[in-house]
Amino acid sequence: MKFSLFLHMERYQDKEYRQLFEELCELAQIAEQGGFDKVWIGEHHGMQYTASPSPGQQLAYLAAKTSRIRLGAGTFIAPFWDPLRLAGEAAMLDVISNGRLEFGIARGAYQYEFDRLVPGMKASEGGAALREMVPAIKALWQGDYAHEGEVYQFPTSTCVPKPQQSMPPMWIAARDPSSHEFAVANGCNVMVTALMKGDEEVADLADKFATACAKHPEVPRPELMLLRHTYVHEEADREGWKVGAEGLNRFYRHFLGWFKNESPVTDGYMPPASPESVADNPEFTLESLHRNMMVGTPDALTERLRYYESLGITEYSYWTDNTLSFEEKKRSLERFIRDVMPRFAA
């Protein structure tokens, strides 16, 4: 099993952006030194709690500050992009990083962003752009290509520069069976997350991926990456899990507020769902978050990771977004590197 780090600049109060960026870079450098295979940064707009309008910019900077770790856009949001522009910007990142690009793409999720970047489009309709974007990007990376689709149209053109890799690995964020099948049929790796749900959801996602692979035996089996919030505490601190669970309760109340898109937004801040509003939702209890998220001791997390391996998951992505302080995030990441990863060494 490979390991990757997934992170954003989380901002919940008036902390300097430069400090947040320096902290993000330090975590990425710790991950490289610790043996992580990739670092992933996503795309979000106008939202302080995931301040990340351009993963390519951040990854280009990290390319100069690292030497080995692969640099993943996790993910570009297809409906927000023109294929020619995205193909070229991604290829330039691959050149800058000397062939370390991992190209992740998704249909998008937050209606708040769609209302501002593609007015009139529902977030649920973003899949049409994704399905046209994937083959278009691949073709543009290879040479001349013209496209006449329902979403995009352009005359014969090509990507300049070409990527350093002949074909950078492409990843698709998938949940429903059709998106798994589209990814596999198009030779793309798959990224999944169970969000707040437990390992039964992980098993279901892995089964959807396996079913898609079985339908396309002509395609070499792609990689399957699982993204989960992760917090590691010392074995001796039996109550240490509460720190991680409390942080994730706050994170998912922010997530719920943005996903429901019902509250006013001021300067990129939206009030999180209140504790009272989620009191009857069992997924928000600290015990549920402890059980469902990767929150626990090194021994407990190792056992879960062995199970994920048995499901066919080839990469585990350690998700740092959790509302906790940089110092707490750093301690948890260092514990994971020291006490968990050596048990999976080849």
Side-chain angles (χ1 to χ4, degrees), residues 40-47 50 52-60 71-96 101-192 212 216 219 222:
W40 296 93
I41 300 176
E43 176 184 2
H44 293 290
H45 298 273
M47 307 162 73
T50 46
S52 190
S54 178
Q57 287 182 325
Q58 297 174 80
L59 293 168
L71 306 170
T75 56
F76 292 116
I77 307 302
F80 302 165
W81 287 87
D82 171 88
L84 285 165
R85 181 177 294 276
L86 182 53
E89 291 198 18
M92 180 62 79
L93 175 56
D94 198 48
V95 171
I96 290 170
L101 170 67
E102 299 279 329
F103 183 93
I105 191 165
R107 71 178 192 180
Y110 293 105
Q111 190 61 47
Y112 177 87
E113 294 178 298
F114 275 75
D115 290 343
R116 286 149 182 82
L117 276 79
V118 280
M121 180 183 288
K122 294 181 180 178
S124 59
E125 298 171 351
L130 171 67
R131 288 188 292 273
E132 288 191 27
M133 183 76 78
V134 168
I137 294 283
K138 287 188 172 186
L140 288 165
W141 280 344
Q142 293 176 311
D144 284 335
Y145 174 71
H147 187 83
E148 189 65 33
E150 294 183 6
V151 181
Y152 303 111
Q153 304 86 34
F154 54 85
T156 300
S157 186
T158 192
C159 175
V160 177
K162 294 292 186 292
Q164 184 80 3
Q165 304 171 88
S166 59
M167 182 60 64
M170 187 174 283
W171 298 75
I172 292 179
R175 178 164 293 276
D176 59 87
S178 63
S179 56
H180 281 265
E181 186 166 352
F182 174 82
V184 172
N186 283 272
C188 298
N189 300 317
V190 174
M191 318 166 78
V192 297
H216 295 279
V219 178

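Worth saying up front: this structure is predicted, and the values here are computed from it rather than measured.
Trp40 and Glu102 are not linked by any side-chain donor-acceptor pair at a separation below 3.5 angstrom, with hydrogens and angles left out of the test. Side chains of Ser166 and Lys162: a donor-acceptor N/O pair is absent below 3.5 angstrom, by distance only. Counted by atom type alone, Glu43 and Trp81 present one or more donor-acceptor pairs between their side chains at under 3.5 Å.
Taking all atoms of both residues into account, the shortest heavy-atom contact from Ala60 to Ile96 is O-CG2, 4.2 Å. Summarising the geometry of Ala173 relative to Thr75, their closest heavy-atom pair is CB-CG2, 4.5 Å, with the distance given to 0.1 Å. Minimum heavy-atom separation, His44 to Glu113: CA-OE2, 3.0 Å. Between Phe76 and Pro55 the shortest heavy-atom distance is CE2-CG, 3.8 Å. Of all heavy-atom pairs spanning Gly72 and Leu59, the tightest one is O-CD1, 3.4 Å. Across every non-hydrogen atom of Ala91 and Pro161, the tightest pair is CB-O, 3.2 Å.
Pro83 has its side chain within reach of Phe154: a pair of non-hydrogen atoms, C-beta onward, lies under 4.5 Å apart. Contact of the Val190 side chain with the Trp171 side chain is not registered, since no non-hydrogen atoms from C-beta on lie closer than 4.5 Å. Contact annotation: the side chain of Cys188 approaches that of Lys138 to within less than 4.5 Å [non-hydrogen atoms, C-beta and beyond]. Proximity of Ile172 to Met191: side-chain heavy atoms (C-beta onward) are nowhere separated by under 4.5 Å. Between Glu181 and Ser178 there is no side-chain heavy-atom pair separated by less than 4.5 Å.
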For this session: Show your reasoning for whether side chain to side chain contact (heavy atoms under 4.5 Å, CB included) applies to Val118 and Phe80.
Result: CA-CA 7 Å; Val118 280; Phe80 302 165; 4.0 Å; yes
Q: Test side chain to side chain contact (heavy atoms under 4.5 Å, CB included) on Leu71 and Leu101 and set out the steps.
A: CA-CA 5 Å; Leu71 306 170; Leu101 170 67; 5.9 Å; no
Just do the side chain to side chain contact (heavy atoms under 4.5 Å, CB included) check on Ile105 and Met133 with the steps written out, would you? CA-CA 9 Å; Ile105 191 165; Met133 183 76 78; 3.4 Å; yes
Let me see the working for Asp176 and His180 under side chain to side chain contact (heavy atoms under 4.5 Å, CB included), right down to the final yes or no.
CA-CA 7 Å; Asp176 59 87; His180 281 265; over 6 Å; no
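Put simply, the side chain of Glu89 never gets that close to the backbone of Gln57: no donor and acceptor are under 3.5 Å apart. At distances below 3.5 Å, at least one donor-acceptor pair connects side-chain atoms of Trp141 with backbone N or O atoms of Ala87. Ser52 contributes a side-chain N or O that, together with a main-chain N or O of Gly42, makes up a donor-acceptor pair within less than 3.5 Å.
Taking NE2 of His147 as the start and CG of Leu140 as the end, the distance is 9.5 Å to the nearest 0.5 Å. Note that the CD atom of Glu132 and the CD1 atom of Ile137 stand 12.0 Å from one another [nearest 0.5 Å]. Here the SG atom belonging to Cys159 is positioned 11.0 Å from the CD atom belonging to Gln142, to the nearest 0.5 angstrom. Atom OH of Tyr110 is separated from atom OG1 of Thr50 by 5.5 Å, given to the nearest 0.5 angstrom.
With respect to Phe103, the side chain to side chain contact (heavy atoms under 4.5 Å, CB included) criterion is satisfied by exactly one of Asp94, Val134, Asn189, Leu86: Leu86.
No cation-pi contact links Arg116 to Phe114, judged by a cut-off of 6.0 Å to the six-membered ring centre and 45° from its axis.
Residue Gln153 places its CD atom among more than 12 non-hydrogen atoms of other residues, nucleotides or ligands, all under 6.0 Å distant.
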